[in-house]
Amino acid sequence: MTEYNPLKIEQKWRDRWEKEKAWNVDLKKAKKPYYNLMMFPYPSAEGLHVGNVFTFTGVDIHGRYMRMRGYDVFEPMGFDAFGIHSENFAIKQGTHPQKETEKNISHFREQLKNMGAMFNWDHEVDTSKPEYYKWTQWLFLQLYKAGLAYRAKAPVDWCEGCKTVLADEQVISGKCERCGTDVIQKELEQWFFRITKYAERLLGNLDKLDWSEAVKVAQRNWIGRSVGTELEFRIKNLESRIKIFTTRPDTLFGATYLVLSPEHEHVPSFMFQVSNRKVVEKYIGASKNKTELERTDLAKEKTGVELKGVTAINPANNEEIPVWIADYVLSNYGTGAIMAVPAYDERDMEFAKKFKLPVSDAPLVDKEEIVSRVGGEKKVNYHLRDWLISRQRYWGPPIPIIYCNACGVVPVPEKDLPVLLPYVENFRPTGTDKSPLANVEEFAKTTCPKCGGEAQRETDVSDTFLDSSWYFLRYPSTEFDDKPFDEKITKKWLPVSMYIGGKEHSVLHLMYARFVTMALEDMGYFDFQEPFLKFRAHGLLIKDGAKMSKSKGNVVSPDEYFDAYGADVMRMFLMFLGPYEFGGDWRDEGIAGIARFLKRVWTLSLKLKIENEKRKAIDKNLKSHTNGLEKLTHKTIKKVTEDIEKLQYNTAIAGLMEYVNTLTRYTIYDIRYTEILLKLLAPFAPHLAEELWHEALGHTTSIHSEPWPTYDPEKIIEEKVQMVVQVNGKVRGEIEVDADASEDMVKNIALKDEKVRKWLDGEPKKVIVVPWRVVSIVT
RNA sequence: GCGUCCGUGGCGGAAUUGGCAUACGCGUAUGGUUUAGAGCCAUAUCCUGUAAGGGUUGCAGGUUCAAAUCCUGCCGGACGCACCA
């Protein structure tokens with residue numbers, strides 16, 4: 001009998017599958033389309049790590065299972081190749097991002113092929129290729145036409161490490177999501193997408209989505225809907241009024257001062273009136289130079305300065321109250337100004353104490369009444385900000401806009417797309433507020449598409465997250481070079497049937513993709529608002545308690561495991577590690593257990609072949625175990641099926657192990673059971689299952705095109721059931737009863753049981769029978 | 001501070017959702033096969049006790065015939081948001 005040689009059989013089947021294009025689906029003719037999507041990787045120089053394999057294996061098992069359930073499963077793969085990460089790495093290496101990316105992608109592709117997943121390589125996407133980013137630019141233009149892309153001067157987050165501005169979502173606790181540098185504020189003219197216009201819809205639709213609850217909660221929090229009131233405070237001796245936003249108009253009588261953010265629009269006009277002008281100007285200047293972290297750190301003491309000579313009037317009681325400037329009030333939320341009610345707000349109290357401001361504990365009043373009396377206006381605010389998409393970097397799609405001296409802002413005509421990213425040697429960030437492309441004259445200088453006059457190109461590129469906000473629309477339509485996505489194909493394949501990815505994208509990619517989809521739907525490109533009807537977050541595979549990353553030096557490559565054990569063992573081992581949706585700490589201690597298991601399957605199946613050839617009578621044990629085994633078979637099908645549906649791969653594998661243990665223990669070589677075993681195993685260990693399906697069972701077609709085994713619920717029903725008997729909460733005996741025995745019958749059997757009687761003293765007070773489980777006796 | 005989740009053997013983790021806690025696997029021990037090792041096979045493996053028994057799911061209570069599971073309060077850990085008015 002031949003030894004199980006995983007490397008040999010895996011190579012053999014991968015070659016054959018590739019040759020036969022086994023995983024391609026006819027996208028036009030497919031009857032039961034199932035779009036099985038995973039978040040595409042960024043092709044890092046370190047190559048694929050075990051965390052990627054963990055993630056993709058889980059998705060692939062789902063896809064293979066759905067395929068056996070009769071669906072036409074489309075499982076594409078691609079590369080999120082543009083972006084600061086690739087560019088930074090090229091800078092470090094002294095190479096060029098384009099060369100670096102090409103090299104990394106081909107390495108990644110080879111590694112991915114070793115996984116034995118059913119990726120459809122004919123539909124590969126690479127976001128850094130002109131044939132892709134042409135359509136990213138097209139998307140920008142559509143958003144521009146729809147009034148959803150605008151250019152504005154605003155205080156924006158700037159990362160000095162990455163030398164670019166960042167979107168709100170890419171600032172984590174005041175630090176850059178990429179490099180961890182403290183983010184500072186700059187006043188710059190930048191391109192934004194009006195995602196806030198969709199705040200209400202992004203929030204409302206969440207209820208309808210079948211998504212991991214944690215991700216929905218994160219999105220709800222990020223959108224941060226808050227219902228309140230806008231009130232106006234008059235300024236004494238001046239025409240101007242200050243608008244504030246509050247969720248507590250009922251505390252208006254207790255408002256003893258106003259606080260404006262340093263960037264508040266009215267501040268300059270107050271300066272003529274202010275007696276301590278120098279101090280105020282100094283304060284405003286200082287807060288400008290603070291990093292986001294310094295401004296928002298809760299541990300820091302609040303700072304502020306009074307606008308001496310400016311007095312506001314509380315509309316509730318007409319009392320004169322002072323006006324302060326403090327940077328704990330944010331300019332980009334609400335109206336950038338608040339009424340301070342120290343008696344009812346901790347932060348205001350802290351501030352009032354420090355600066356010895358009066359505190360009034362005026363009682364609360366009726367909300368509705370006070371709002372109508374002082375003329376307040378109901379207002380909904382969101383934490384969500386518009387999506388800043390300009391990046392002062394090189395490795396991204398140029399924003400397709402031209403500035404004409406005569407015509408102003410002119411979008412690049414669609415026929416002129418793509419605006420090619422020029423290959424330049426000096427691609428390094430400039431550190432000014434301009435992209436390195438600004439120094440490339442042949443690129444920057446152009447003519448106006450409208451008037452033909454002299455014009456300048458926009459030299460910023462767009463955010464990487466724009467590339468990934470629509471890649472799932474491109475996958476099925478990669479063969480079309482005259483449109484981003486084909487109408488018919490899109491109608492057939494979208495929305496995505498199942499999307500699996502990391503929680504870290506809860507408010508980044510997943511929010512952006514939803515926004516882009518909604519915007520395109522509004523433009524009439526298709527008729528669905530939500531791109532991913534079902535989303536599941538997988539767990540994160542970490543190493544020594546930390547996320548795998550090159551900087552920490554804890555990246556584990558799958559290659560040595562593929563070489564030593566083969567892909568099937570690696571796949572199953574990763575899935576057996578723990579619940580897929582939890583992830584865990586990587587260690588390879590138990591991998592031998594999976595190797596042993598697959599070897600046992602191998603031996604079992606080949607012995608079956610030998611026994612069949614000899615035409616020998618099946619082992620005499622078989623007869624006596626047939627009944628029990630048939631039951632176990634149906635139970636195993638049920639368990640594995642249900643566990644796969646719930647992405648609980650670890651317990652599905654445990655179920656398969658128990659099944660194999662039983663088959664081995666009783667040396668049962670029966671083709672019916674082996675066929676079922678191999679089918680249940682096929683999504684997990686696709687190569688081994690295929691090899692044995694052909695070589696041991698003699699089939700000539702692929703096991704991966706076989707229908708998934710079904711179980712008969714009738715066959716699982718037991719005729720006899722074991723029940724535990726408890727006396728006063730302690731297990732004192734075990735009885736076997738007919739499955740359909742009545743409660744009284746069970747009760748009688750339990751009370752007659754010898755072991756149980758030892759613990760009984762006279763008549764029991766109470767007997768509770770839980771059918772099929774337990775008899776509980778209270779004395 | 002707010003939100004979400006978690007705490008079970010030496011280790012990764014199971015537990016039909018309130019019904020025999022520790023499935024499955026790792027590791028370990030003993031035995032078998034073997035010149036030897038590797039491998040494979042068998043048996044054992046929560047604690048305590050010779051045994052009958054008793055105890056055990058981070059800690060302390062509570063509800064219940066019955067709690068890893070529900071409730072309350074602590075302790076510890078992970079993640080997300082965070083001066084959002």
Side-chain angles (χ1 to χ4, degrees), chain A residues 3 172-174 212-222 224-226 228 244-248 251 259 295-300 302 326-330 332-341 344-348 350-351 381-385 503-504 506-507 539-540 542 545 573 576-579 581-594 596-597 599-600 603 635 638-639 642 648 650-658 660-661 664-665 722-734 758 764-779:
Chain A
E3 283 274 313
I172 312 293
S173 303
S212 299
E213 200 51 39
V215 175
K216 290 210 249 182
V217 168
Q219 291 214 352
R220 274 187 206 113
N221 289 343
W222 186 261
R225 186 177 197 269
S226 164
I244 61 99
F245 175 74
T246 178
T247 54
R248 296 291 308 276
T251 65
V259 190
R295 270 189 73 158
T296 57
D297 191 350
L298 269 159
K300 294 260 162 61
K302 291 187 181 12
D327 61 13
Y328 80 89
V329 173
L330 307 173
N332 53 1
Y333 184 77
T335 61
I338 61 157
M339 64 176 199
V341 191
Y344 297 103
D345 187 290
E346 262 180 61
R347 296 154 304 177
D348 296 344
E350 190 196 324
F351 192 79
N381 265 319
Y382 299 93
H383 168 242
L384 184 71
R385 306 284 145 79
K503 298 188 227 316
E504 67 272 22
S506 298
V507 293
L540 198 62
I542 55 174
F573 175 62
F576 192 55
L577 224 43
E581 293 185 75
F582 280 44
D585 211 31
W586 162 262
R587 76 229 156 256
D588 58 11
E589 273 118 36
I591 197 163
I594 295 288
R596 268 198 278 273
F597 166 69
K599 202 181 266 183
R600 269 210 294 276
T603 310
K635 274 187 180 166
K638 181 173 194 278
K639 177 164 182 58
E642 288 174 356
Q648 285 164 6
N650 57 331
T651 51
I653 292 170
L656 286 170
M657 285 172 167
E658 281 183 75
V660 171
N661 286 348
T664 313
R665 189 164 302 136
Q722 310 284 325
M723 288 178 70
V724 162
V725 185
Q726 294 182 345
V727 180
N728 293 331
K730 297 235 179 277
V731 178
R732 297 302 186 190
E734 199 175 307
K758 276 205 305 196
K765 273 190 200 143
K766 200 171 169 189
V767 179
I768 296 152
V769 178
V770 184
W772 294 42
R773 305 230 193 286
V774 75
V775 182
S776 188
I777 302 167
V778 189
T779 61

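Proteins come first, then strands; the chains are lettered A, B, ... in the order of their sequence lines, and each starts at number 1. Keep in mind that the numbers below use all heavy atoms, side chains included, and drop hydrogens, waters and symmetry copies.
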Rounded to whole Å, how long is the line connecting atom CE of A:Met657 with atom C1' of B:rC26?
10 Å

Does A:Asn661 place a side-chain N or O at less than 4.0 Å from the phosphate oxygens OP1/OP2 of B:rA23?
no

Using the P atom on both, measure B:rU50 against B:rA66 and round to a whole Å.
32 Å

For B:rG9, measure the glycosidic angle (O4'-C1'-N9-C4 for a purine, O4'-C1'-N1-C2 for a pyrimidine) and name it syn if it falls within 90° of 0, otherwise anti.
syn

Students often get this wrong, so: under 4.0 angstrom with heavy atoms, is A:Val329 touching a base, only sugar-phosphate, or nothing?
base

Any strand counts, and the cut-off is 3.5 Å on both contacts for Watson-Crick or G-U wobble. Which nucleotide pairs with B:rU50?
none

Base, sugar-phosphate alone, or nothing: which one does A:Leu577 contact when heavy atoms must sit under 4.0 Å apart?
sugar-phosphate

For the side chain of A:Lys599, starting at C-beta, report the closest nucleotide among B:rA85, B:rC65, B:rG39.
B:rG39

Taking the same atom, P, in B:rG9 and in B:rU56, what whole-Å distance lies between them?
14 Å

Whole-Å P distance, B:rU8 and B:rA68
14 Å

So, does A:Ser226 get its side chain near the phosphate of B:rA85, meaning an N or O under 4.0 Å from OP1 or OP2?
yes

For A:Arg600 and for A:Lys758, locate the closest nucleotide of RNA chain B by heavy-atom distance; then report the residue assigned to the nucleotide nearer the 5' terminus.
A:Arg600

Which of B:rG19, B:rG3, B:rG53 is nearest the side chain of A:Asn221? It is B:rG3

Figure out the CD/C1' separation between A:Glu658 and B:rG13, and round it to whole Å.
14 Å

Pick the P atom in B:rG32 and in B:rG13, then give their distance to the nearest Å.
36 Å

Using Watson-Crick or G-U wobble geometry with both distances below 3.5 Å, tell me the partner of B:rU57, or none.
none

Any residue meeting side-chain contact (heavy atoms from CB on, under 4.5 Å) with A:Ser506, in chain and number order, not counting sequence neighbours:
A:Val215, A:Ala218, A:Lys503

Conformer about C1'-N of B:rU30 - syn within 90° of 0, anti elsewhere
anti

Closest approach to the side chain of A:Trp222, judged atom by atom: which nucleotide of B:rA82, B:rG25, B:rA85 is it?
B:rA82

Write down the distance separating the C1' atoms in B:rC70 and B:rA51, rounded off to the nearest Å.
38 Å

Determine the contact category for A:Asn650: base if any of its heavy atoms lies under 4.0 Å from a base atom, sugar-phosphate if only primed atoms, P, OP1 or OP2 are that close, otherwise nothing.
sugar-phosphate

Using the P atom as the point on both nucleotides, what is the distance between B:rU69 and B:rG61, in whole Å?
14 Å

So A:Val217, base contact, sugar-phosphate only, or nothing? Heavy-atom distance under 4.0 Å.
sugar-phosphate

For B:rU63, the Watson-Crick or wobble counterpart (both distances under 3.5 Å):
none

Is it the case that atom NZ in A:Lys638 sees more than 12 heavy atoms from other parts of the structure closer than 6.0 Å?
no

Rounded distance (Å) that lies between atom P of B:rC83 and atom CD of A:Glu346
14 Å

Could you check whether any side-chain N or O of A:Asp588 sits under 3.5 Å from a backbone N or O of A:Ile591, counting only pairs where one atom can act as donor and the other as acceptor?
no

Rounded to the nearest Å, what distance is computed from the CD1 atom of residue A:Ile653 to the P atom of nucleotide B:rC24?
15 Å

When rounded to the nearest Å, what value does the distance between C1' atoms of B:rC46 and B:rA78 take?
27 Å

What interatomic distance, in whole Å, is found between C1' of B:rG25 and the corresponding atom of B:rA15?
16 Å

From the options A:Asn728, A:Ile777, A:Val778, select the one residue that forms a side-chain contact (heavy atoms from CB on, under 4.5 Å) with A:Pro764.
A:Ile777

So A:Gln726, base contact, sugar-phosphate only, or nothing? Heavy-atom distance under 4.0 Å.
base

Can you check the A:Arg587 CZ to B:rG10 C1' distance for me, whole Å?
13 Å

Rounded to whole Å, the CD-P distance (A:Glu734 to B:rG19) equals 17 Å

Within 45 degrees of the ring normal and closer than 6.0 Å to the centroid, is that where the cationic atom of A:Lys302 sits relative to A:Tyr328?
yes

For B:rA15, give its Watson-Crick or G-U wobble partner with both distances under 3.5 Å, or none.
none

Between atom CZ in A:Arg225 and atom C1' in B:rC81, what is the gap in whole Å?
19 Å

Give a yes/no on whether any side-chain N or O of A:Lys503 is located under 4.0 angstrom from OP1 or OP2 of B:rC79.
no

So which one's nearest nucleotide on RNA chain B is more toward 5', A:Ser776 or A:Thr651?
A:Thr651

Looking at B:rA85, I'd like to know if its phosphate oxygens (OP1 or OP2) sit under 4.0 Å from a side-chain N or O belonging to A:Tyr328.
no

Taking the side chain of A:Phe576 as heavy atoms from C-beta outward, which of B:rG19, B:rC24, B:rU4 is closest to it?
B:rC24

With a cut-off of less than 4.0 Å, is there a side-chain N or O of A:Lys730 near OP1 or OP2 of B:rG55?
yes

Under a 3.5 Å cut-off for both contacts, is B:rU33 paired Watson-Crick or G-U wobble with anything, and if yes, with which nucleotide?
B:rG39

Base-pairing assignment for B:rA82 (Watson-Crick or G-U wobble, both under 3.5 Å)
none

Calculate the interatomic distance between A:Lys639 atom NZ and B:rU16 atom C1'; express it in whole Å.
9 Å

What's the closest nucleotide to the A:Lys766 side chain, out of B:rA85, B:rU4, B:rC65?
B:rC65

Take A:Phe245 and A:Tyr333 through the side-chain contact (heavy atoms from CB on, under 4.5 Å) test and state the conclusion after the steps.
CA-CA 9 Å; A:Phe245 175 74; A:Tyr333 184 77; 4.1 Å; yes

Applying the 3.5 Å cut-off to both distances, the Watson-Crick or G-U partner of B:rA44 turns out to be B:rU28

Closer than 3.5 angstrom, by distance alone: can the side chain of A:Ser212 be matched with the main-chain N or O of A:Ala214 as a donor-acceptor pair?
no

Tell me whether A:Arg220 is salt-bridged to A:Glu213, with the criterion being a basic N under 4.0 Å from an acidic carboxylate O.
yes

Closest listed nucleotide, where the reference is the side chain of A:Val724 and the choices are B:rG53, B:rU16, B:rC20
B:rC20

Which of the following nucleotides, B:rC24, B:rA14, B:rC81, is nearest to the side chain of A:Pro579?
B:rA14

Separation between CZ (A:Phe576) and CE (A:Met657), nearest 0.5 Å, reads 4.0 Å

Find the partner of B:rG9: check Watson-Crick (N1-N3 plus N6-O4 or O6-N4) and G-U wobble (N1-O2, O6-N3) distances, both under 3.5 Å, and reply none if neither fits.
none

Under 4.0 angstrom between A:Arg596 side-chain N/O and B:rC40 OP1 or OP2
yes

